[in-house]
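Below, read A as the first sequence line, B as the second, and so on, with proteins coming before strands; counting in each chain starts at 1. All values below come from the heavy atoms of this structure, side chains included, with hydrogens, waters and symmetry mates left out. All values derive from a computational prediction rather than experimental measurement.
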Protein chains: 2
Amino acid sequence: MGLRERKKEKTRLAILDAALDLFLEQGYESTTIEQIAGAVEISPRTFFRYYTGKDHVALWFHDHGEQIMLETFAGRPADEPPFTSLMHALRAVLNDVEGVTPENEERFMKLRRLMEEHPRLMGLSMARGRATEQRLATAVAARRGVAADDDQLTHLIVGFAMSTLRVGFECPRSDATIGDVRQRMAECIELAEGSLRPGWDLRR
Amino acid sequence: MGLRERKKEKTRLAILDAALDLFLEQGYESTTIEQIAGAVEISPRTFFRYYTGKDHVALWFHDHGEQIMLETFAGRPADEPPFTSLMHALRAVLNDVEGVTPENEERFMKLRRLMEEHPRLMGLSMARGRATEQRLATAVAARRGVAADDDQLTHLIVGFAMSTLRVGFECPRSDATIGDVRQRMAECIELAEGSLRPGWDLRR
DNA sequence: ATGACTTATGGCACACTGTGACAGAAAGGT
DNA sequence: ACCTTTCTGTCACAGTGTGCCATAAGTCAT
């Protein structure tokens with residue numbers, strides 16, 4: 001990896017961290033692009049070359065998580081019930097956050113706090129979640145051997161899985177640690193699996 | 001109702017219809033507030049006194065639907081399983097669209113077409129859906145006799161119900177009629193109810 | 001009707017977001 | 001060193017959204 005790419009990655013993360021801190025410090029709405037750019041010592045124009053806007057910064061984790069979910073799902077055995085595979089994908093997302101680097105763990109927790117304080121951001125995350133659902137639905141449909149467009153059950157499976165994710169993610173306590181989130185997510189997965197009829201996601 | 005309020009309501013709907021037509025005609029992004037205001041012969045400034053922005057216009061139906069869901073849920077018997085009540089609320093939304101006025105029916109279908117063409121709008125609808133979920137969760141928690149904040153099952157019930165709504169709403173065919181949407185929603189409700197264990201939403 | 005009161009509207013200025021175009025700087029390869 | 005590719009900053013511009021204030025329209029007394 002050349003110097004160029006390393007520098008770009010460094011800038012991308014510097015913007016992310018500066019923005020996150022500013023958002024938490026003085027509020028999301030009242031933080032301007034100019035301030036963020038100033039803190040990283042780049043021009044506002046350059047900011048837009050790394051992120052499409054303020055929103056995009058706040059959704060950094062979402063893109064990351066989606067990638068992991070898709071990869072995990074693809075790696076699960078083809079004869080496993082799709083919802084079960086999706087629950088494994090959920091666990092994989094948290095495993096990744098907890099495991100990789102302390103920096104990412106901190107960013108994750110900052111984003112969680114931010115979303116609690118600003119429901120609009122949580123909404124945006126859901127909005128992007130819709131695109132994620134679409135991609136997951138394609139994968140699930142392929143495994144089920146049906147066309148994604150006209151199989152309602154496929155979409156229902158994915159929708160239920162994403163609901164489970166959201167409920168597990170929205171730990172109500174603001175002083176929550178990663179461990180708390182992890183545990184809540186685990187409880188939530190158990191709750192969801194216990195609510196559904198065995199084999200419900202294998203029907204035609 | 002005085003002349004003032006009637007006139008306001010008329011303006012509000014005139015803006016909605018003009019905006020919807022412009023969106024479908026020349027695309028959502030490339031339609032400006034100025035154009036909409038021009039079509040209704042009001043100043044751009046006044047537009048913002050009726051709607052908070054272009055997005056808000058596109059979410060007209062959502063606000064309407066949420067109101068109906070909340071009212072329907074509140075009107076269901078207190079000993080009915082909450083998920084069942086929510087499914088009734090879903091049906092009530094469609095009943096209302098189909099029943100009331102031809103104008104609203106047309107607006108509903110225009111919005112559906114618009115959302116299919118512009119996934120971003122569907123996302124925004126989901127974003128607002130998050131606020132709706134919050135309000136529904138409060139109602140469901142009250143019926144279950146628990147605190148909304150720390151009862152995960154409450155949120156799961158609402159989340160599953162909203163997933164069902166979304167899947168039913170996203171009829172894939174763009175030439176769909178109201179009847180098609182209605183039928184698809186009915187199928188989807190049946191599918192969801194058949195996927196869940198009886199009594200799952202009554203547990204503690 | 002007339003006047004006084006309340007509310008809606010239009011016009012203006014302003015800050016912020018986001019994008020295209022272009023010139024100069026930095027990095028890569030030879 | 002040279003040329004090529006890519007990144008960066010500056011400028012200009014269109015659009016969104018809000019505060020402010022004067023004016024117009026509606027409401028409600030007498």
Side-chain angles (χ1 to χ4, degrees), chain A residues 1-23 25-60 63 114 118-121 123-125 127-128, chain B residues 1-23 25-60 63 114 118-121 123-125 127-128:
Chain A
M1 206 203 271
L3 170 59
R4 228 185 207 129
E5 290 177 59
R6 270 181 289 140
K7 194 176 175 186
K8 267 193 97 170
E9 197 55 26
K10 220 178 100 189
T11 306
R12 160 163 271 112
L13 290 174
I15 295 175
L16 176 63
D17 288 329
L20 242 40
D21 288 336
L22 282 170
F23 290 161
E25 199 176 304
Q26 56 182 27
Y28 179 76
E29 314 286 355
S30 38
T31 300
T32 67
I33 309 272
E34 205 176 344
Q35 289 177 310
I36 301 171
V40 196
E41 294 184 309
I42 56 172
S43 76
R45 186 66 186 85
T46 298
F47 172 90
F48 288 107
R49 292 198 173 95
Y50 283 91
Y51 296 93
T52 59
K54 277 202 291 186
D55 299 352
H56 190 194
V57 179
L59 295 176
W60 158 80
D63 294 347
L114 196 60
H118 302 272
R120 187 180 160 268
L121 289 181
L124 284 179
S125 180
R128 184 158 300 208
Chain B
M1 209 205 269
L3 170 59
R4 222 184 213 133
E5 289 178 61
R6 268 182 290 139
K7 193 177 175 185
K8 268 193 94 169
E9 197 54 28
K10 218 178 100 189
T11 306
R12 160 164 272 111
L13 290 175
I15 295 175
L16 176 63
D17 288 330
L20 243 40
D21 287 337
L22 282 170
F23 291 161
E25 200 176 304
Q26 56 182 27
Y28 179 76
E29 315 285 355
S30 39
T31 300
T32 67
I33 308 272
E34 205 176 344
Q35 289 177 311
I36 301 171
V40 196
E41 294 184 309
I42 56 172
S43 76
R45 186 67 186 85
T46 298
F47 171 90
F48 288 106
R49 291 201 173 91
Y50 283 91
Y51 296 93
T52 59
K54 277 202 290 186
D55 299 352
H56 190 194
V57 178
L59 294 176
W60 159 79
D63 293 348
L114 196 59
H118 302 271
R120 186 180 161 267
L121 290 180
L124 284 179
S125 180
R128 182 157 302 207

Chemist: Quick one: CD on A:Glu25 to OG1 on A:Thr31, what's the gap to the nearest 0.5 Å?
Modeler: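 The distance works out to 8.0 Å.
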Chemist: Please give, in whole Å, the distance from D:dT8 P to A:Ile15 CD1?
Modeler: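 In whole Å, D:dT8 P lies 9 Å from A:Ile15 CD1.
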Chemist: For B:Leu22 and D:dG15, give me the distance from atom CG to atom P, rounded to whole Å.
Modeler: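 Nearest whole value for this atom pair: 14 Å.
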Chemist: Could you tell me the separation between the CG atom of B:Asp55 and the P atom of D:dG17, rounded to a whole number of Å?
Modeler: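 For the pair B:Asp55 CG and D:dG17 P, the rounded distance is 7 Å.
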Chemist: Can you tell me which nucleotide in D:dA25, D:dT16, C:dT19 comes closest to the side chain of B:Lys7?
Modeler: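 My answer, after comparing the listed nucleotides, is D:dA25.
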Chemist: Take the protein atom CD1 of A:Ile42 and the nucleotide atom P of D:dC7, then report the distance between them rounded to whole Å.
Modeler: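 Spelled out: CD1 on A:Ile42 to P on D:dC7 is 14 Å.
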Chemist: Give me the ring orientation class for B:Tyr28 and B:His118: parallel if the planes are under 30° apart, tilted from 30 to 60°, perpendicular past 60°.
Modeler: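 Ring orientation of B:Tyr28 relative to B:His118: tilted.
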Chemist: Find the distance B:Phe47:CZ to D:dG17:C1' and express it as a whole number of Å.
Modeler: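 These atoms are roughly 11 Å apart.
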Chemist: Choose from D:dT8, C:dA8, D:dG9 the nucleotide whose nearest atom is closest to any side-chain atom of A:Tyr50.
Modeler: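 Nearest listed nucleotide: D:dT8.
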Chemist: Between B:Arg128 and B:Asp55, does any NZ, NE, NH1 or NH2 come within less than 4.0 Å of an OD or OE carboxylate oxygen?
Modeler: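 Salt bridge: no.
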Chemist: Answer yes or no: does a side-chain N or O of B:Ser43 lie under 4.0 Å from OP1 or OP2 of C:dG10?
Modeler: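 B:Ser43 to C:dG10 OP1/OP2: side-chain N or O found under 4.0 Å.
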Chemist: List the atom pairs, donor and acceptor, that lie under 3.5 Å between side-chain atoms in residues 2-15 of chain A and the rest of the protein, sequence neighbours left out.
Modeler:
residue : atom : partner : partner atom : Å
A:Thr11 : OG1  : A:Lys7  : O            : 2.9
A:Arg12 : NH2  : A:Tyr50 : O            : 2.8

Chemist: Please tell me which of the listed nucleotides, D:dT6, D:dT8, D:dT27, lies nearest to the side chain of A:Arg4?
Modeler: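 Of all the options, the side chain of A:Arg4 is nearest to D:dT6.
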Chemist: For the base of C:dG20, is there a side-chain donor-acceptor partner from A:Arg45 under 3.5 Å away?
Modeler: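 Looking at the base of C:dG20, it does pair with a donor or acceptor on the side chain of A:Arg45 (distance under 3.5 Å).
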Chemist: Mind checking whether B:Ile36 and B:Phe23 have side chains closer than 4.5 Å, heavy atoms only?
Modeler: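 Result yes, sub-4.5 Å side-chain heavy-atom pair found.
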Chemist: Please report, rounded to the nearest Å, how far the P atom of C:dA27 is from the NZ atom of A:Lys8.
Modeler: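 That distance rounds to 14 Å.
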Chemist: For B:Arg6 and for B:Glu29, find the nucleotide of DNA chain D with the closest heavy atom, then tell me which residue's nucleotide is more 5'.
Modeler: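 The residue mapped nearer the 5' terminus is B:Glu29.
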Chemist: Grab the NZ-P distance between A:Lys10 and D:dT8 for me, whole Å please.
Modeler: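 Going from NZ in A:Lys10 over to P in D:dT8 covers 12 Å.
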Chemist: Between B:Thr32 and B:Glu5, name the one whose nearest nucleotide on DNA chain D is closer to the 5' end.
Modeler: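 So the residue in question is B:Thr32.
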Chemist: B:Leu3 has an atom CG; how far is it from atom P of C:dT9, in whole Å?
Modeler: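 Going from CG in B:Leu3 over to P in C:dT9 covers 12 Å.
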Chemist: Taking N and O atoms by type only, does the side chain of B:Arg49 place a donor or acceptor under 3.5 Å from a partner on the base of C:dG10?
Modeler: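 Indeed, a donor on one side and an acceptor on the other fall under 3.5 Å apart.
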